Amino acid sequence: MGDSIIPLTSKQWNDLWKAKQALHKQKHDANFWNERAKSFTNKDTPGSYTDRFLKLADIHPGESVMDMGCGTGNLSIPLAISGHRVLAADFSSGMLDKLKERALEERLDNIKTVELSWEDDWLASGIVPKSYDICLASRSIATDDIQSALLKLCSIAKRRVAITLSCDSSPRIDDRALREVGIETRPSFDDVYALAILQGEGYFPKVDYIKTQRADLFESFDQALEKYTSMLDAAIEQAGTSIPRENAISKLQDWLYANLVEASNSKDDGKNSRHLCLKEPRNTTWAFMSWEV
């Protein structure tokens with residue numbers, strides 16, 4: 001970036017993004033998401049995120065849609081039910097298999113799936129420029145090169161692109177628990193990088209926000225502690241802090257004891273169906289960005 005400490009171009013903002021991504025030690029590849037797909041559910045308040053996203057996306061009747069990073073189809077399925085021709089793309093075959101099952105249950109024949117990553121050659125996969133009216137990327141831009149990802153979406157869309165990015169601390173962490181053990185979290189600012197890059201490329205997105213609540217369920221206290229300990233270890237590594245791990249885990253246990261309760265929909269039917277949840281769900285804010293191409 002030369003002598004300048006202030007990024008002045010899209011490339012410089014993208015270089016900052018790459019440096020930020022390099023700090024993340026844990027990379028979630030296709031195999032990780034294939035395993036997640038086996039028990040994957042939408043943990044947001046039912047319908048809240050999807051309904052808000054689709055309202056803001058303002059997709060016109062009959063328009064075709066590419067849903068990049070579609071997961072199990074939380075956007076693709078309702079879009080197809082509404083009559084849109086949908087290309088559902090994801091690099092996880094496990095997620096796509098779940099989507100196909102849902103499409104079969106709904107008897108939908110207007111969804112095409114493709115196994116595709118942000119880094120792949122989209123043209124070689126048969127996705128040609130200006131082939132879909134709308135391109136979507138919902139909470140799915142996980143790539144070291146965000147500039148390339150954004151420009152790929154712009155190249156495929158005929159009319160409009162809509163994405164969401166985190167603007168809170170990472171949705172994978174519970175900053176309340178981390179603060180309790182002495183680790184301060186910061187907003188991700190992912191949306192800021194995207195906004196600066198897009199403006200540098202001549203696009204001027206409209207920005208809105210979608211607030212969600214995440215209701216995590218755990219089969220036992222030990223399962224909750226395991227998940228939160230993993231979260232703690234990742235935060236300690238990324239922050240480079242010298243906080244004593246054993247002391248932090250002890251505080252984490254105390255916090256979980258104080259905040260875990262039996263889920264209201266748990267039932268004692270002799271099949272170990274009781275679950276624990278947090279008294280207060282985790283809140284996350286997503287930046288919704290849309291622009292014309």
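Note that the coordinates shown come from a computational prediction; the quantities given were computed from them, not determined experimentally. Sequence positions, counted from 1, serve as the residue numbers for this chain.
With hydrogens and angles ignored, the 3.5 Å screen pairs no side-chain donor or acceptor of D120 with any backbone N or O of W122. Remark: the backbone N or O of A88 is not paired with any side-chain donor or acceptor of S76 at under 3.5 angstrom. For S250 (side chain) and N247 (main-chain N/O), no donor-acceptor pair under 3.5 Å exists by modelled atom type. Side-chain atoms of K279 come within 3.5 Å of backbone N or O of A258 as a donor-acceptor pair. In this structure, S169 contributes its side chain and P187 its backbone to no donor-acceptor pair below 3.5 Å. Side chain of S64 to main chain of D133: a donor-acceptor pair is present (N/O by atom type, distance under 3.5 Å, no hydrogens or angles). The backbone N or O of S10 lies less than 3.5 Å from no partner atom in the side chain of N14, so there is not a single donor-acceptor pair. Remark: side-chain polar atoms of D208 are not paired, donor with acceptor, to backbone N or O of F288 under 3.5 angstrom. A donor-acceptor distance shorter than 3.5 angstrom exists from the side chain of R102 to the backbone of T72, with no hydrogens or angles considered. Proximity of a side-chain donor or acceptor of W118 to a complementary backbone N or O of S140 within less than 3.5 Å is detected.
By the rule that hydrophobic residues join a cluster once side-chain heavy atoms approach within less than 4.5 Å of another member, L136 and L99 end up as members of one cluster. With hydrophobic clusters built from ILVMFWY side chains whose heavy atoms lie under 4.5 angstrom apart, L116 shares a cluster with L87. Tracing side-chain contacts under 4.5 Å through hydrophobic residues (I, L, V, M, F, W, Y), one reaches I127 starting from L151; they form part of the same cluster. When hydrophobic clusters are built by joining Ile, Leu, Val, Met, Phe, Trp and Tyr residues whose side-chain heavy atoms come closer than 4.5 Å, directly or via intermediates, V128 is not grouped with M68. Both V207 and I197 belong to a single network of hydrophobic side chains, linked directly or stepwise wherever heavy atoms of I, L, V, M, F, W or Y lie under 4.5 Å apart.
Applying the side chain to side chain donor-acceptor pair (under 3.5 Å) criterion to E63, with sequence neighbours excluded, gives R159. By the side chain to side chain donor-acceptor pair (under 3.5 Å) test, R179 pairs with no residue at all, sequence neighbours left out. Residues satisfying the side chain to side chain donor-acceptor pair (under 3.5 Å) criterion with Y228, sequence neighbours excluded, are D174.
Atom CG in L153 sits 6.5 Å away from atom CH2 in W291 (nearest 0.5 Å). Going from atom CG of L198 over to atom CD of Q147 covers 9.5 Å, rounded to the nearest 0.5 Å. Remark: D254 CG to K251 NZ distance equals 9.5 Å, nearest 0.5 Å. Annotation: the span from Q213 atom CD to E280 atom CD amounts to 8.0 Å, rounded to 0.5 Å.
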Would you please test R176 and R282 for side-chain contact (heavy atoms from CB on, under 4.5 Å) and show each step? CA-CA 9 Å; R176 301 168 300 178; R282 281 196 276 155; 3.2 Å; yes
Given side-chain contact (heavy atoms from CB on, under 4.5 Å), test W17 with D190 step by step and report yes or no. CA-CA 8 Å; W17 172 273; D190 286 359; 3.7 Å; yes
For N283 and D168, what are the C-alpha separation, side-chain angles and deciding distance, and is it a side-chain contact (heavy atoms from CB on, under 4.5 Å)? CA-CA 9 Å; N283 295 311; D168 276 342; 6.0 Å; no
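Residues N110 and H84 share a closest heavy-atom pair of ND2-O, 2.8 Å. For T50 against N74, the heavy-atom pair with the smallest separation is CG2-O, 3.1 Å. Across all non-hydrogen atoms, the minimal contact from D191 to A287 is CB-CB, 3.5 Å. Shown here for D216 and F218, the closest heavy-atom pair between the two residues is CB-CZ, 3.7 Å. The nearest pair of heavy atoms linking I111 to A80 is CG1-CB, 3.3 Å. Looking at every heavy atom in both residues, K130 comes nearest to A157 through NZ-O, 2.8 Å.
The pair D233-R245 meets the salt-bridge criterion, since a charged nitrogen lies less than 4.0 angstrom from a carboxylate oxygen. Using a cut-off of 4.0 Å between Lys/Arg side-chain N and Asp/Glu carboxylate O, K55 and D51 are scored as not salt-bridged.
Between I210 and L56 the shortest side-chain heavy-atom distance falls below 4.5 Å. Between W286 and C167, every side-chain heavy-atom pair lies at or beyond the 4.5 Å cut-off. Considering only heavy atoms from C-beta on, K211 stays 4.5 Å or farther from R52 through its side chain. Considering only heavy atoms from C-beta on, L75 stays 4.5 Å or farther from C70 through its side chain. When side chains are defined from C-beta on, V161 does not count as touching L150, because their heavy atoms never get closer than 4.5 Å.
A side chain to side chain donor-acceptor pair (under 3.5 Å) with T143 is found for one member of Q21, K18, E119 and no other, namely E119.
At a cut-off of 3.5 Å, with distance as the only test, a side-chain donor of R160 or S290 sits close to an acceptor on the other residue.
In K206, the NZ atom is not crowded: 12 or fewer heavy atoms of neighbouring residues, nucleotides or ligands sit closer than 6.0 Å. Atom CD of E226 sits in a sparse spot, with 12 or fewer heavy atoms from other residues, nucleotides or ligands closer than 6.0 Å.
Judged by the 6.0 Å distance and 45° axis criteria, R139 is positioned over the aromatic ring of Y49.
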